[in-house]
Number of protein chains: 2
Amino acid sequence: MKEALYESGLFHGIKADKVDEILQTIHHQYKSFQKDEYLYYSGESCEDMNLLVEGSVRGEIVDFRGKVVKVEDIFTPDVFAPAFLFATENNLQVDIIANTKVRVLRISKREMIELLNRHPRIMENYLRIISDRFVIITQKMKFLSLKTMRGKIAHYLLMREKRKQQNKQIRKHKTQEQLAEYFGVTRPSLTRELKIMEKEGLIYLQDKEIKILDKARLLDLMRR
Amino acid sequence: MKEALYESGLFHGIKADKVDEILQTIHHQYKSFQKDEYLYYSGESCEDMNLLVEGSVRGEIVDFRGKVVKVEDIFTPDVFAPAFLFATENNLQVDIIANTKVRVLRISKREMIELLNRHPRIMENYLRIISDRFVIITQKMKFLSLKTMRGKIAHYLLMREKRKQQNKQIRKHKTQEQLAEYFGVTRPSLTRELKIMEKEGLIYLQDKEIKILDKARLLDLMRR
DNA sequence: GGAATTTCGTAACATATCTTACAAAATGGT
DNA sequence: ACCATTTTGTAAGATATGTTACGAAATTCC
């Protein structure tokens with residue numbers, strides 16, 4: 001659990017014993033949550049920095065009434081909702097829900113500002129964390145703005161391909177059910193479209209995996 | 001033009017002569033652009049902080065092929081693309097285009113970090129700027145994730161209402177053409193839906209303005 | 001290895017939005 | 001006040017995706 005801290009983006013580039021030393025100089029606390037417990041409700045204001053040291057949480061966008069889209073999963077040892085802490089309107093736009101048993105390190109905004117001022121490295125780290133999250137959400141938005149289901153499928157497949165080639169984390173296989181949710185469409189519609197794309201020779205469905213056959217035409221699909 | 005600096009979020013809470021003094025200690029430059037000139041292309045890496053001191057720019061999301069969505073307009077005296085400067089993957093996801101004749105203050109990343117370390121107030125300001133932008137884009141995403149056109153119309157109208165009541169900038173009337181683009185639908189479809197909603201007594205179309213008649217039912221529409 | 005559960009394939013029909021086209025109405029310039 | 005241009009209203013047919021329902025195939029559990 002402590003190791004999570006040392007490996008976190010927040011303390012990146014700072015030696016373990018130095019991290020301990022720094023933590024002794026500031027108020028902080030650990031808090032635990034059960035699986036499926038809400039860490040924050042949408043609309044609630046965020047007064048603390050939250051660093052996951054055990055487990056994972058998800059952010060879900062909520063509208064005035066019901067859930068709409070899962071934004072993303074955050075895993076140990078990442079900070080979640082880094083931006084809402086410092087925003088003028090610091091009310092969370094999302095629900096934060098524990099995927100598993102969870103433990104977080106909490107540091108108040110006031111203390112956090114102190115920390116950032118005293119430790120240039122942590123400041124740079126925190127800026128990077130917020131900024132990276134911003135980039136991710138921008139990409140997500142780009143994805144949502146794709147109009148057709150084909151476009152989304154093509155985008156998803158090509159990104160996955162790209163990640164594989166860069167040897168980044170190869171994430172586990174998603175079921176069509178999960179994919180459909182990710183795309184914001186219904187499962188039967190997704191299946192239908194996938195089969196049509198297969199007939200057209202764009203992709204190949206094998207062992208519940210989706211293989212790319214015609215990359216060029218997939219790229220073409222994303223025009224609109 | 002100088003006044004823009006003093007009123008900017010970046011130097012908020014810092015007196016004008018102090019701003020001048022600070023600027024003398026760090027390298028910086030001013031750069032001008034014509035209307036419609038590209039300040040940055042999507043994919044280009046961002047190595048400088050950019051503070052608008054004259055004019056306005058817009059960010060446009062670009063896909064592998066064509067434009068998709070206008071993200072937002074940035075006006076003097078705001079910073080644009082504040083997150084990309086510090087992101088690990090610091091390639092811009094958007095095109096930045098001059099809406100008008102534009103002048104920007106540029107400070108390199110290295111100098112910027114110096115600045116943030118030396119001046120706690122500027123650091124807090126910069127964090128707030130990034131964070132606020134994050135909140136805006138999250139809201140935008142929330143909007144995009146609304147499935148039905150009715151939901152989007154309802155959301156838009158209710159937000160506009162809210163802004164009016166808070167006496168925030170009352171933006172100029174949008175044509176149906178512009179609204180349709182904003183919603184990502186075609187113009188005839190929007191007109192049709194608006195007329196139907198009018199018949200149902202939800203809204204009232206008068207002088208090209210959309211008036212709210214039944215707030216409660218509009219709220220209801222956003223469920224899905 | 002058989003039963004229970006999950007995942008996938010498919011079909012018929014419903015609905016929302018798009019496409020294209022045209023005309024009416026409003027607006028702006030001179 | 002008139003003409004040119006923009007904006008809005010409308011309609012018919014096309015297309016994409018949703019809904020519901022059911023069976024087949026695959027996977028997991030005991």
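The CD1 atom of B/I153 sits 13 Å away from the P atom of C/dA16 (whole-angstrom rounding). The distance between atom NZ of B/K147 and atom P of C/dT15, rounded to the nearest whole Å, is 18 Å. At whole-Å resolution of the value, CZ in A/R187 and P in D/dA24 are 15 Å apart. Regarding A/L190, its CG atom lies at a distance of 14 Å from the P atom of D/dT19, rounded to whole Å. Per the geometry, CD1 belonging to A/I203 stands 10 Å off P belonging to C/dG9, to the nearest Å. Summarising the geometry, the separation between CZ on A/R150 and P on D/dT17 is reported as 9 Å, rounded to the nearest angstrom. Remark: P of C/dT7 and CG of A/L205 are 17 Å apart, rounded to the nearest angstrom. For A/Q206 and D/dA25, the CD to P distance is 18 Å, given to the nearest whole Å.
The side-chain hydrogen bond (donor to acceptor under 3.5 Å, both in side chains) search around A/Q139 returns none, not counting sequence neighbours. Scored by the ring pair (Phe, Tyr, Trp, His ring centres under 6.0 Å) test, A/Y6 finds no partners at all (sequence neighbours excluded). The side-chain contact (heavy atoms from CB on, under 4.5 Å) search around A/S8 returns A/L10, A/F11, A/L51, A/P77, not counting sequence neighbours. With sequence neighbours left out, B/R192 forms a salt bridge (Lys or Arg N to Asp or Glu O under 4.0 Å) with no residue at all. A/F33 meets the ring pair (Phe, Tyr, Trp, His ring centres under 6.0 Å) test with no other residue; sequence neighbours excluded. With sequence neighbours left out, the ring pair (Phe, Tyr, Trp, His ring centres under 6.0 Å) criterion links A/Y126 to A/F86. Listed by chain and residue number, nothing satisfies the salt bridge (Lys or Arg N to Asp or Glu O under 4.0 Å) test with A/K109 (two or more places apart in sequence, or in another chain). Scored by the side-chain contact (heavy atoms from CB on, under 4.5 Å) test, A/Q206 finds A/Y204, A/K211 as partners (sequence neighbours excluded).
Listed nucleotides: D/dT19, C/dT19, D/dT8. Nearest to the side chain of B/T191: D/dT8. Closest to the side chain of A/S189, from the set C/dT17, C/dG9, D/dG18, is D/dG18. Counting only heavy atoms from C-beta on, B/T186 has its side chain closest to C/dT19 among C/dT17, C/dT19, C/dC8.
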Under 3.5 Å, N/O pairs linking protein and nucleotides 4-7 of chain D:
none

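Between A/M149 and A/P188, the residue anchored closer to the 5' end of DNA chain D is A/M149, taking for each the nucleotide with the nearest heavy atom.
Axis orientation changes by 60° from one end of the helix from C/dG1-D/dC30 to C/dT30-D/dA1 to the other, with each end axis drawn from 5 pairs and the value rounded to 10°.
A salt bridge (Lys or Arg N to Asp or Glu O under 4.0 Å) check over residues 31-50 of chain B, counting only residues at least two apart or in different chains, returns nothing.
Remark: the A/D132 side chain and the B/T88 side chain contain an N/O donor-acceptor pair separated by less than 3.5 Å.
Between A/Y30 and A/H28, the angle of the ring planes goes over 60°, which puts this pair in the perpendicular group of the 30/60° scheme. Relative ring orientation between B/Y156 and B/F183 is described as perpendicular, the plane-to-plane angle rising above 60° on a 0-90° scale split at 30° and 60°.
Listed in residue order, the members of residues 192-202 of chain A having a heavy atom less than 4.0 Å from DNA chain C are A/K195.
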